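No experiment lies behind these values; they were computed from the predicted model shown. Just so we're on the same page: letters track the sequence lines, and every chain starts at 1.
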Protein chains: 2
Amino acid sequence: MKDIIARLKENGVTLTPQRMAVTEFLSRSRNHPTVDEIHRNIQRRYPTMSVATVYSTLKLLKELGEIQELSIRKRGKACFDPNPGLHHHLLCRKCGKILDIDFNHPSNCPIMAKESIDGCKVEEVQAYLYGICPECLKKESDKKG
Amino acid sequence: MKDIIARLKENGVTLTPQRMAVTEFLSRSRNHPTVDEIHRNIQRRYPTMSVATVYSTLKLLKELGEIQELSIRKRGKACFDPNPGLHHHLLCRKCGKILDIDFNHPSNCPIMAKESIDGCKVEEVQAYLYGICPECLKKESDKKG
DNA sequence: ATCTATATTTATAATGATTATAAATTAAGA
DNA sequence: TCTTAATTTATAATCATTATAAATATAGAT
Ligand SMILES: [Mn+2]
Ligand SMILES: [Mn+2]
Ligand SMILES: [Zn+2]
Ligand SMILES: [Zn+2]
């Protein structure tokens, strides 16, 4: 958190209260919030906060490599990940939660090698899995006995 | 092609000229066309073809597992893949082409194992890579000498 | 072949997340 | 404090997709 703020300053970013609020909210976040969720949460303490500013701040943070954007909800809202590092995600079809999928060794997953695949230069990877999360699987098996 | 038609019949699908046209166009396709591209191409021979029917036919083919939909162009148009089997894709940032990325052995890529990862039941996988295709890489290196 | 009920297609409007715009406000530096 | 540039805000525009309802086509029965 402190780090992000420091890096933003280094990059000459004006640290407005709105930008601080978005950055702070995201870095606290353990899930992958949407623009709406971010906006609503900040508005509770900062009623004049506009959704346009949330968009612009997220764009800024993304361009600086501090966060990443996920398009896992195909035509739905984008979600934002305070962790910009390469990892995969699973969208649970029962509860809608988005889980981090980490292959403990990047070497286990060839698309995490980045660099070059099939003669293509690979600059970004988004791997989206769709299925059912452990919690929902448990609920299902409990119901069935 | 003949196979798809046969399977559609088996599933009790009414084979209208419009549905035939979409199915035929897709199965001929070696790339990953958008709704627009499909519509425009069919309209040349079938001027009354509506875009709504392209949408509805694609939905049908997808539900029957004959094609798959890609959301690799994040907030842009969806593209459709006549090959419903699991494989990855790369979107070239220079030319916009979408390439198939095939790891020759599915065992090389753990997210192709499907079944279960990290206690999650995995039902679908979409791996989107972003970068530069071999053709565009060549053009770049040619320019530089 | 004709009729009828059902399914499909078509044109059109509605949706909804995101982006663009321009006026109002704020921040930074002189 | 004053001035200029950057940022925020409210609002409108965009655009792929989905919903709707009337028109048309299909399939099965007569
Ligand atoms: Mn994540
Ligand atoms: Mn493909
Ligand atoms: Zn779940
Ligand atoms: Zn290319």
Side-chain angles (χ1 to χ4, degrees), chain A residues 5 8-25 32-64 67-81 91 96 98, chain B residues 5 8-25 32-64 67-81 91 96 98:
Chain A
I5 300 300
L8 293 179
K9 259 186 189 150
E10 266 178 44
N11 282 89
V13 172
T14 320
L15 287 172
T16 64
Q18 292 92 333
R19 285 175 176 170
M20 291 289 274
V22 172
T23 306
E24 202 175 324
F25 177 79
H32 303 86
T34 63
V35 169
D36 247 43
E37 285 161 6
I38 299 168
H39 182 230
R40 271 201 307 276
N41 272 277
I42 294 175
Q43 248 190 353
R44 291 199 308 230
R45 308 201 154 232
Y46 201 132
T48 80
M49 182 77 179
S50 83
V51 73
T53 301
V54 177
Y55 274 105
S56 84
T57 305
L58 290 170
K59 191 180 169 205
L60 187 71
L61 293 173
K62 201 171 59 167
E63 281 165 359
L64 293 169
I67 64 173
Q68 64 175 309
E69 180 173 356
L70 309 180
S71 307
I72 195 170
R73 285 177 217 274
K74 305 185 176 181
R75 191 130 292 267
K77 305 176 186 173
C79 349
F80 293 84
D81 192 333
L91 172 62
I98 295 170
Chain B
I5 301 299
L8 293 178
K9 259 186 188 151
E10 267 177 42
N11 282 88
V13 172
T14 320
L15 287 173
T16 64
Q18 291 92 335
R19 285 175 177 170
M20 292 288 274
V22 172
T23 307
E24 202 174 325
F25 177 79
H32 303 86
T34 63
V35 169
D36 246 43
E37 285 161 7
I38 299 169
H39 182 230
R40 271 203 306 278
N41 273 276
I42 295 177
Q43 248 190 352
R44 291 200 308 231
R45 310 201 152 233
Y46 201 131
T48 80
M49 183 77 179
S50 83
V51 73
T53 301
V54 176
Y55 274 105
S56 86
T57 304
L58 290 170
K59 189 178 172 207
L60 186 70
L61 292 173
K62 201 171 61 166
E63 282 166 358
L64 294 170
I67 64 173
Q68 63 174 312
E69 182 173 354
L70 309 179
S71 307
I72 195 170
R73 283 178 218 275
K74 306 185 175 181
R75 191 130 294 267
K77 304 175 185 175
C79 348
F80 292 84
D81 192 333
L91 172 62
I98 295 170

Checklist entry - D:dT8, D:dT26, C:dT10: which one has an atom nearest the side-chain heavy atoms of B:Pro17? => result D:dT26
Checklist entry - In terms of side-chain heavy atoms of A:Tyr55, which of D:dT8, C:dT19, C:dT10 is nearest? => result C:dT19
Next on the checklist: Strictly distance-based, threshold 3.5 Å: is any side-chain N or O of A:Arg73 a donor or acceptor partner for the main-chain N or O of A:Ala78?
Outcome noted: no
Checklist entry - Between D:dT8, C:dT10, C:dT18, which nucleotide has the shortest distance from any of its atoms to the side chain of A:Ala78? => result C:dT18
Checklist entry - Counting side-chain heavy atoms from C-beta on, which of D:dA10, C:dA28, D:dT17 comes nearest to A:Thr14? => result C:dA28
Next on the checklist: By nearest heavy atom, map A:Gly12 and B:Asp36 onto DNA chain D; which one lands nearer the 5' end?
Outcome noted: A:Gly12
Checklist entry - Within the structure shown, what part of the strands sits under 4.0 Å from A:Thr53 by heavy-atom distance: base, sugar-phosphate, or nothing? => result base
Next on the checklist: What is the distance, to the nearest angstrom, from the NZ atom on B:Lys59 to the C1' atom on C:dT9?
Outcome noted: 15 Å
Checklist entry - Would you find a donor on one side and an acceptor on the other, under 3.5 Å apart, between the side chain of A:Arg40 and the backbone of A:Val35? => result no
Checklist outcome for this item: From CD of A:Glu69 across to C1' of C:dA17 the rounded distance in Å is 11 Å
Checklist entry - Would you say D:dA16 has OP1 or OP2 under 4.0 Å from some side-chain N or O of B:Arg75? => result no
Next on the checklist: For a side-chain contact (heavy atoms from CB on, under 4.5 Å) check, start with the C-alpha distance between A:Thr57 and A:Ile38, then their side-chain angles and the critical distance, and finish with the verdict.
Outcome noted: CA-CA 11 Å; A:Thr57 305; A:Ile38 299 168; over 6 Å; no
Item to check | Nearest-angstrom distance from the residue atom NE2 of A:His39 to C1' of C:dT18 | outcome: 14 Å
Item to check | Rounded distance in Å - CG (B:Leu58) to C1' (C:dT9) | outcome: 15 Å
Item to check | Length of the line joining B:Leu15:CG and C:dT9:P, which is rounded to integer Å | outcome: 10 Å
Checklist entry - Taking only N and O in the side chain of A:Thr16, is any of them less than 4.0 Å away from OP1 or OP2 of D:dT8? => result yes
Item to check | Nucleotide of C:dA17, D:dA16, C:dT8 approaching B:Lys77 most closely (side-chain heavy atoms) | outcome: D:dA16
Checklist outcome for this item: From the candidates C:dT10, C:dA17, C:dT9, the one with an atom nearest any side-chain atom of B:Met49 is C:dT10
Checklist entry - Side chain of A:Glu63, backbone of A:Leu60: donor and acceptor closer than 3.5 Å? => result no
Checklist entry - Any donor-acceptor pair under 3.5 Å linking the side chain of B:Glu24 with the backbone of B:Ala21? => result no
Item to check | For atom NZ of A:Lys62 and atom C1' of C:dT18, their distance in whole Å | outcome: 11 Å
Next on the checklist: With a sphere of 6.0 Å drawn around NZ of A:Lys74, does it hold more than 12 non-hydrogen atoms of other residues, nucleotides or ligands?
Outcome noted: yes
Checklist entry - Taking atom P of D:dA16 as reference, at what distance in whole Å does atom CG of B:Leu70 sit? => result 17 Å
Checklist entry - Can you tell me if A:His39 uses its side chain to pair, donor with acceptor, with the backbone of A:Met49 under 3.5 Å? => result yes
Checklist entry - If you pin A:Ser50 and B:Val51 to their nearest nucleotides in DNA chain D, which one's is more 5'? => result A:Ser50
Checklist outcome for this item: Under the rule of Watson-Crick or G-U wobble with both distances under 3.5 Å, where | means paired to another strand and [ ] a crossing pair, DNA chain C maps to ||||||||||||||||||||||||||||||
Checklist entry - Can you tell me if B:His32 uses its side chain to pair, donor with acceptor, with the backbone of B:Leu70 under 3.5 Å? => result no
Next on the checklist: If you compare every side-chain N and O of B:Gln18 against the phosphate oxygens of C:dT10 (OP1, OP2), does one of them come in below 4.0 Å?
Outcome noted: yes
Checklist entry - Rounded to whole angstrom units, what separation is found between the CD1 atom of A:Ile38 and the C1' atom of C:dA17? => result 14 Å
